[in-house]
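Accompanying notes for the structure given below.
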Amino acid sequence: MEHFLSKELIWTRKPQQAVVTQETVEIVTEPHTDLWQRTYYGFQNDNAPVL
């Protein structure tokens, strides 16, 4: 398994709480965050953290 260094990753939207190690990425999201783009009823929400 190829390992990555956390300093090589870039946050597009940084969360208030996150821990990135060689083995895991743990993100604590805020309420009502999501990455839904297109639903049949027109809902869109694009505000979740992205690494």
Side-chain angles (χ1 to χ4, degrees):
M1 180 173 162
E2 185 176 324
H3 290 282
F4 60 85
L5 298 174
S6 62
K7 62 186 172 191
E8 295 174 357
L9 302 175
I10 298 170
W11 286 102
T12 301
R13 272 181 246 123
K14 190 172 183 178
Q16 290 185 9
Q17 295 181 351
V19 177
V20 180
T21 70
Q22 290 289 336
E23 302 296 323
T24 63
V25 176
E26 181 179 345
I27 301 170
V28 179
T29 59
E30 296 299 311
H32 311 291
T33 57
D34 213 331
L35 295 173
W36 286 100
Q37 284 300 302
R38 291 180 182 87
T39 61
Y40 70 92
Y41 51 91
F43 177 76
Q44 280 188 283
N45 199 6
D46 189 12
N47 60 357
V50 176
L51 180 61

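- Of the possible donor and acceptor atoms, none in the side chain of Asp46 sits under 3.5 Å from a partner among the backbone N and O of Asp34.
- No more than 12 heavy atoms of other residues, nucleotides or ligands sit less than 6.0 Å from atom CD of Gln16.
- The closest side-chain heavy-atom distance from Val28 to Pro15 is not below 4.5 Å.
- Counting heavy-atom neighbours within 6.0 Å of Trp11 CH2, excluding the residue itself, gives a total above 12.
- In terms of heavy-atom proximity, Thr33 sits nearest to Asn47 at CA-OD1, 3.1 Å.
- Between the side chain of Thr24 and the backbone N or O of Glu26 there is no donor-acceptor pair closer than 3.5 Å.
- Panel note: side chain Arg13, backbone Ala48; a donor-acceptor pair is recorded below 3.5 Å.
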